[in-house]
Amino acid sequence: MAAALTLTACAATEASTAVAPTAPGFLLGLWHGFIFPVAWLVSLFVPSIAIYAVPNNGGWYDFGYFLGIVVFGVGARKTQTVYRDRVIDVRARRIN
């Protein structure tokens with residue numbers, strides 16, 4: 001019982017009043033995930049630029065951000081390397 005109670009303490013919760021109705025949602029999360037590499041590079045030099053919108057509307061923003069990075073952004077590499085091995089079947093003949 002104590003272990004289950006301890007594990008539930010790790011769960012993050014958010015007050016429903018903490019999110020404004022105009023907070024960034026799924027579509028802005030998707031966009032922010034897509035432009036992540038550029039935003040991250042710029043954020044190294046410009047302190048007012050961030051790579052993640054705070055506050056946001058929670059799960060939908062996170063889901064859009066994830067899709068933006070993995071599906072449409074940096075993780076969407078379309079290159080595929082194919083390696084082919086040639087097997088040559090040669091039967092050795094004995095020369096007398």
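Throughout, numbering of the chain's residues begins at 1 and tracks the sequence.
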Provide the closest heavy-atom pair for Ile49 versus Ala39 in the form atom of the first, atom of the second, distance. CG2-O, 4.0 Å

How many angstroms lie between atom CD1 of Ile35 and atom CH2 of Trp40, to the nearest 0.5 angstrom? 15.0 Å

Give the minimum heavy-atom separation between Ile69 and Gly33, together with the two atoms involved. CG1-O, 3.3 Å

For the atom pair CG (Leu67) and CG (Asp62), what is the distance rounded to the nearest 0.5 Å? 11.0 Å

Can you label the angle between the Phe34 ring and the Trp31 ring as parallel, tilted or perpendicular, going by 30° and 60°? tilted

Which pair of heavy atoms, one from Pro55 and one from Ala23, lies closest together, and at what distance? O-CB, 4.1 Å

Non-neighbouring partners of Ala53 that pass side chain to side chain contact (heavy atoms under 4.5 Å, CB included), sequence neighbours left out: Pro24, His32, Tyr61

Are more than 12 heavy atoms, taken from residues, nucleotides or ligands other than Phe66, located less than 6.0 Å from that residue's CZ atom? no

Close side-chain approach of Leu28 to Tyr65, heavy-atom, < 4.5 Å: no

Side chain to side chain contact (heavy atoms under 4.5 Å, CB included) with Val38: which residues, sequence neighbours excluded? Val42

Kindly compute the distance separating CG (Leu41) from CD1 (Ile51), expressed to the nearest 0.5 Å. 11.5 Å

